[in-house]
Amino acid sequence: MSFRTDSVNNFVSAMLDSEEKFSQGIKAYEDKQAQIEQIFSDMEKQINNLVRNSANPEDSMNIASLKKNVTSVLNECIKTGTAKILESGKGMSFIKGHEKTFVVSVFGKVKSGKSSLGNFIMGSEIKKLGISSEYDKIKPVVTVEDRGKITTSNKLETLSEEDCEFGVGSTETTSTIQYFTIGGLSWFDTPGIGSITKENEELAKEYIQNSDLVIFTCSSDAAGTQQEFLEMKRFAEMKKPVLLLVTMSDTYDEDCDDDGNIIKVLMAKSDKDRKDVEDYLLDSIREQNLDDILQYSSIMTISKQLAVEAFRNGDDEQYRQSNIDKFLDKLIEITKNDAGQMKLATPMKRINTMITDVIGNENTESLMGLKKTLNENISDFNRQIQELDTKKESIRTMIKSDSMAKIQNLISRYRTEIGDGGKSISSGRISGDIVKIISESSRTICERELSEFMTSNSTRIFDNMQENGFSIPEMKMQTESISYQQQFVERRSRPPHGLFEHIGSFFGKEYYENHTRTVTKHHNINTGVNESAIRDAITSQINVYFQDNVEVQINELIDMYFRPVVNLNQEAVKLIDTAVSRLSAMKG
């Protein structure tokens with residue numbers, strides 16, 4: 001068997017052997033894609049729960065607006081993250097469609113020999129010549145994607161020879177994506193640079209983004225244009241490995257046939273011509289700091305047409321001059337030695353890139369950017385709480401001053417009531433009226449000083465002040481007791497004294513004597529209502545009451561405005577931290 005046939009047979013056999021190698025590992029990445037989608041689904045459900053739990057029909061418009069703003073930002077983040085997942089999933093769909101193959105995309109200028117090279121790789125040129133090879137064991141199918149419409153055939157014999165080849169012509173006929181598969185290799189022929197429509201170039205870029213290797217073709221007659229270097233720079237930015245091919249490195253020379261007729265003979269360009277082109281390209285690539293794109297070799301110069309002539313002429317030396325054998329060996333080497341890792345790295349890199357984009361940083365539309373916004377909201381709310389906490393003392397002073405003035409009026413009304421009716425005012429009534437005054441003063445002053453924060457719900461906290469906070473004696477008219485002595489003269493019977501009185505007593509006569517009795521009496525007089533005692537009792541307890549009750553009410557008022565919003569932001573930050581942690585753990 002010839003060297004040229006061995007060359008293509010080794011290539012086909014290697015591609016067939018690699019198919020099983022590439023069928024393993026993709027499942028893990030599919031699972032990761034599903035897990036990432038689940039993370040965002042979980043976060044969306046948790047956000048909905050947050051919104052539902054924080055909803056309060058009695059919220060003021062201000063509070064409701066703040067809550068709505070937080071949830072709107074959260075939902076926008078979910079939307080952005082989902083879009084990035086879908087974008088990544090689009091690439092994953094491409095990868096899953098070729099999970100058992102090493103994906104090569106051929107990219108280059110119009111008429112740089114892309115489609116012609118593809119036809120040789122799929123074996124159509126060798127089959128046309130009727131040469132027996134390993135290509136006889138396979139039936140590559142050309143699949144064409146044209147603006148979303150895909151045409152495929154599983155059987156080569158159902159298509160004509162012309163249909164089974166890539167379009168090759170004087171103008172760019174590859175206006176769509178065309179590809180075929182040989183074992184573990186998928187070969188994509190993309191629209192060329194400067195192809196007929198801009199959509200074609202965009203389609204090519206999309207497929208290249210998801211390729212394992214880019215073969216960049218430059219025609220030896222016009223290699224190294226400014227446009228080509230711009231595309232190479234883009235591949236470098238995409239971190240895509242590139243195999244740079246200088247194609248059509250052949251020329252025609254005149255010769256004489258056996259009859260003496262002048263004929264044109266296809267031959268390889270001189271070593272000097274080839275080296276000059278390679279050196280120019282290599283120097284230009286280095287000048288533009290694009291060395292990283294040449295991961296597998298420097299630059300390869302080939303002639304597909306010379307290889308076909310070699311098969312037609314049965315000329316191994318001519319085949320060696322085409323350098324196609326070196327190109328096929330390079331594809332085998334890449335596939336066997338590097339493609340396994342690259343194949344797994346492509347979806348992993350895409351997933352990692354997507355995760356990195358979704359997590360982002362504080363200056364991007366991402367989870368970390370959202371976290372920064374929420375933390376700034378929390379800091380701002382806490383600052384306002386601190387300001388209100390500082391203002392609380394002045395509010396409490398105003399409430400106390402207003403309340404004491406009204407309590408003084410209340411005591412005056414009590415005094416009038418006691419004077420008119422002569423009754424007392426019970427301790428419970430006094431305590432209740434005082435608490436009512438303080439509650440009304442608290443509500444009035446807080447509504448005035450904190451009007452933007454007050455809600456119909458928050459004003460109810462002033463209805464819950466405790467009456468048992470005061471121990472006030474009953475209020476009544478005070479009296480003073482005055483004592484004095486009064487003498488009374490009483491006539492009392494007495495026993496007889498002496499002889500004559502006894503005689504007289506015998507005949508029924510009674511004898512008497514006068515006695516004087518002194519009695520101490522008391523008289524109560526009104527000295528005034530115990531207003532001073534009541535005032536002293538209130539004064540001694542009012543400070544403690546304000547400290548223990550009014551301050552609590554103001555704190556509750558502040559919390560009713562800020563805490564729900566602060567808590568919503570804090571819970572959202574926790575959700576983001578959880579999602580970031582789960583996403584970070586997904587990176588390979």
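Keep in mind the model is a prediction, meaning the values are calculated, not measured. Nothing fancy with the numbering, it's 1 onward along the sequence. Excluded from the calculations below are hydrogen atoms, water molecules and symmetry mates; all remaining heavy atoms, backbone and side chain alike, are included.
The shortest non-hydrogen separation linking Ile39 to Met586 is CD1-CG, 4.3 Å. The two atoms that bring Gly360 and Ser366 nearest to each other are CA-OG, 3.4 Å, heavy atoms only. Across every non-hydrogen atom of Leu575 and Gln46, the tightest pair is CD2-OE1, 3.1 Å. Of all non-hydrogen atoms in Asp212 and Thr101, the two that sit nearest each other are OD2-O, 4.0 Å. Scanning both residues, Cys446 and Ile399, for their nearest heavy atoms gives SG-CD1, 4.3 Å. Heavy atoms only, all atoms of each residue included: Ile438 and Ser403 are closest at CA-OG, 3.6 Å.
Looking at Thr444, its side chain never comes within 3.5 Å of a backbone N or O of Ser441 through a donor-acceptor pair. At distances below 3.5 Å, not a single donor-acceptor pair connects side-chain atoms of Ser431 with backbone N or O atoms of Gly428.
Considering only heavy atoms from C-beta on, Arg448 comes within 4.5 Å of Met398 through its side chain. Within the 4.5 Å cutoff, no side-chain heavy atoms of Met368 are placed close to those of Lys372. At least one side-chain heavy atom of Gln570 sits less than 4.5 Å from a side-chain heavy atom of Ile378. Side-chain contact between Val573 and Asn375 is present, with heavy atoms from C-beta onward closer than 4.5 Å. Residues Gln38 and Ser41 form a side-chain contact, since some pair of their non-hydrogen atoms from C-beta on lies under 4.5 Å apart. Between Phe40 and Val358 the shortest side-chain heavy-atom distance falls below 4.5 Å. Residues Ser424 and Met475 are not in side-chain contact: their nearest non-hydrogen atoms beyond the backbone lie 4.5 Å or more apart. Counting heavy atoms from C-beta outward, Ile425 and Ile534 have side chains that stay 4.5 Å or more apart.
The aromatic rings of Phe107 and Phe216 sit tilted, their planes meeting at an angle between 30° and 60°.
Within the structure, salt bridge (Lys or Arg N to Asp or Glu O under 4.0 Å) contacts touching residues 427-438 (residues at least two apart or in different chains) are Glu417-Arg429, Arg429-Asp433.
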Criterion side chain to side chain donor-acceptor pair (under 3.5 Å) on Gln35 and Arg582, from CA distance to verdict: CA-CA 9 Å; Gln35 291 173 35; Arg582 292 177 65 186; over 6 Å; no

Verdict with supporting geometry, Glu571 and Leu374, side chain to side chain contact (heavy atoms under 4.5 Å, CB included): CA-CA 10 Å; Glu571 290 302 316; Leu374 296 175; over 6 Å; no

Salt bridge (Lys or Arg N to Asp or Glu O under 4.0 Å) assessment of Lys574 paired with Asp577: CA-CA 5 Å; Lys574 290 179 183 178; Asp577 286 339; over 6 Å; no

Residues Asn382, Gln386; criterion side chain to side chain contact (heavy atoms under 4.5 Å, CB included); working and verdict: CA-CA 6 Å; Asn382 285 332; Gln386 183 61 43; over 6 Å; no

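Remark: Glu44 CD to Ile47 CD1 distance equals 7.5 Å, nearest 0.5 Å. Between atom CZ of residue Phe381 and atom CG of residue Asn569 there is a gap of 5.5 Å, rounded to the nearest 0.5 Å. Taking OH from Tyr179 and CD1 from Ile150, the interatomic distance works out to 5.5 Å, rounded to the nearest 0.5 Å. Rounded to the nearest 0.5 Å, atoms CD1 (Ile36) and CG (Leu583) are 6.5 Å apart. Note that CD of Glu474 and CD1 of Ile430 are 8.0 Å apart. Values are rounded to the nearest 0.5 Å. Atom OG of Ser584 is separated from atom CD1 of Ile355 by 7.5 Å, given to the nearest 0.5 angstrom.
Salt bridge status for Glu231 with Arg234: present, with a side-chain N to carboxylate O gap under 4.0 Å.
Judged by distance alone, the side chains of Thr356 and Lys587 do bring a donor and an acceptor atom under 3.5 Å apart.
Remark: Lys233 NZ is loosely packed, at most 12 non-hydrogen atoms of other residues, nucleotides or ligands lying under 6.0 Å away.
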